[in-house]
Amino acid sequence: MDNVGIVVGDLDAAVAFFAELGMELEGKAQVEGPWADRTVGLDGVRCDIAMMRTPDGHSRLELAKYLSPAAIGDASHHPPHNTLGMHRVMFAVDDIEDVVARLRNHGAELVGELARYGDSYRLCYVRGPEGIIVALAEQLA
């Protein structure tokens, strides 16, 4: 897999949120032109993108802000956990409580609560910018 794409309304806020999770900004660009229109099946595409890379360099997120045509979506950025479609992205973290506290500074909120999965993990879901759900997993020793 090369990357996962996420459409956002506030590109800078999304970049800051994922940077707080340890992702590095690989670069920003604007995408437009006939090739972009043909690729995504829309007319008049003009889109700002930011490519974020995990610290190990193995995974990337492409954050996209559509300038034209405007992004569309549900008025609610709080779909329930069992909504069809892309569900979440999970990150392994060393200190889950610290990460949750830092993400709250970017407007994140817990979807449920911090829970323990046996003797293996501490887990939680956090809702970030644009209602994006991010799962956090801290492996227990």
Side-chain angles (χ1 to χ4, degrees), residues 1-42 44-141:
M1 180 173 70
D2 183 73
N3 69 68
V4 172
I6 301 174
V7 176
V8 300
D10 185 337
L11 189 59
D12 292 333
V15 167
F17 179 82
F18 286 105
E20 195 66 58
L21 281 166
M23 297 193 80
E24 300 168 23
L25 179 63
E26 214 174 64
K28 288 185 174 183
Q30 190 167 90
V31 175
E32 63 183 326
W35 70 270
D37 293 0
R38 287 192 306 272
T39 302
V40 300
L42 296 169
V45 169
R46 192 165 53 95
C47 182
D48 289 336
I49 64 168
M51 191 63 76
M52 304 290 294
R53 181 183 60 244
T54 56
D56 64 8
H58 295 296
S59 302
R60 298 186 307 169
L61 289 179
E62 179 184 290
L63 305 173
K65 178 180 179 172
Y66 275 82
L67 306 171
S68 172
I72 59 171
D74 186 340
S76 167
H77 285 299
H78 293 85
H81 180 71
N82 60 344
T83 300
L84 293 174
M86 180 65 113
H87 180 62
R88 58 132 175 95
V89 177
M90 180 175 274
F91 291 87
V93 299
D94 293 327
D95 183 343
I96 198 166
E97 290 175 7
D98 176 62
V99 173
V100 169
R102 289 186 290 121
L103 291 177
R104 282 191 167 134
N105 291 329
H106 295 274
E109 58 188 41
L110 285 172
V111 172
E113 58 188 65
L114 189 75
R116 186 178 176 122
Y117 178 70
D119 293 330
S120 302
Y121 290 96
R122 294 180 71 206
L123 305 163
C124 69
Y125 281 11
V126 176
R127 191 177 309 276
E130 316 302 326
I132 299 165
I133 296 176
V134 173
L136 305 174
E138 176 186 344
Q139 188 169 9
L140 301 173

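Expressed to the nearest 0.5 Å, how far CD of Glu26 lies from CG of Leu61 amounts to 11.0 Å. Rounded to the nearest 0.5 angstrom, Ile49 CD1 and Tyr66 OH are separated by 9.5 Å. Atom-to-atom distance recorded for Arg122:CZ and Glu97:CD is 4.5 Å, nearest 0.5 angstrom. From Cys47, atom SG reaches atom NZ of Lys65 across 10.0 Å, with rounding to the nearest 0.5 Å.
Of all the heavy atoms in Leu11 and Ala64, the pair that sits closest is CD1-N, 4.4 Å. Across every non-hydrogen atom of Leu110 and Arg104, the tightest pair is CD1-NH2, 3.4 Å. Residues Ser68 and Gly44 share a closest heavy-atom pair of OG-O, 2.8 Å. The minimum heavy-atom distance linking Gly118 with Leu140 is given by the pair O-CD1, 4.3 Å. Of all heavy-atom pairs spanning Asp12 and Lys28, the tightest one is OD1-NZ, 3.1 Å. Shortest non-hydrogen contact noted between Met52 and Leu63 is CG-CD1, 3.8 Å.
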task = I would like to know whether Leu103 and Leu136 meet side-chain contact (heavy atoms from CB on, under 4.5 Å); could you show each step before the answer?
result = CA-CA 11 Å; Leu103 291 177; Leu136 305 174; 4.3 Å; yes

request  = Kindly indicate, with the supporting measurements, whether the criterion side-chain contact (heavy atoms from CB on, under 4.5 Å) is fulfilled by Val89 and Ile132.
outcome  = CA-CA 9 Å; Val89 177; Ile132 299 165; 5.8 Å; no

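Among residues at least two apart or in separate chains, side chain to side chain donor-acceptor pair (under 3.5 Å) pairs with a member in residues 29-39 are Gln30-Asp48.
Partners of Asp10 under the salt bridge (charged side-chain N to carboxylate O under 4.0 Å, His left out) rule, at least two apart in sequence or in another chain, do not exist in this structure. Every residue was checked against the side-chain contact (heavy atoms from CB on, under 4.5 Å) condition with Ala92, not counting sequence neighbours, and none meets it. Take Asp2 and apply the side-chain contact (heavy atoms from CB on, under 4.5 Å) test, not counting sequence neighbours, and it matches Arg60. Legend: residues meeting salt bridge (charged side-chain N to carboxylate O under 4.0 Å, His left out) with Asp119, ordered by chain and number and at least two apart, are Arg116.
Between the side chain of Glu130 and the backbone N or O of Gly9, at least one donor-acceptor pair lies under 3.5 Å. Checked by atom type and distance alone, the side chain of Ser59 never pairs as donor or acceptor with a backbone atom of Thr54 at under 3.5 Å.
Side-chain contact between Cys124 and Ile96 is present, with at least one heavy-atom pair separated by less than 4.5 Å.
No more than 12 heavy atoms of other residues, nucleotides or ligands shown are found within 6.0 angstrom of CG on Asp94. Around the CZ atom of Phe91, the shell of radius 6.0 Å holds more than 12 heavy atoms that belong to other residues, nucleotides or ligands.
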May I have the list of side-chain donor-acceptor pairs in residues 16-25 shorter than 3.5 Å, sequence neighbours left out?
{"unit_1": "Glu20", "atom_1": "OE1", "unit_2": "His106", "atom_2": "NE2", "d": "3.0"}
{"unit_1": "Glu20", "atom_1": "OE2", "unit_2": "Arg102", "atom_2": "NH1", "d": "2.6"}
{"unit_1": "Glu24", "atom_1": "OE1", "unit_2": "Arg53", "atom_2": "NH2", "d": "2.9"}

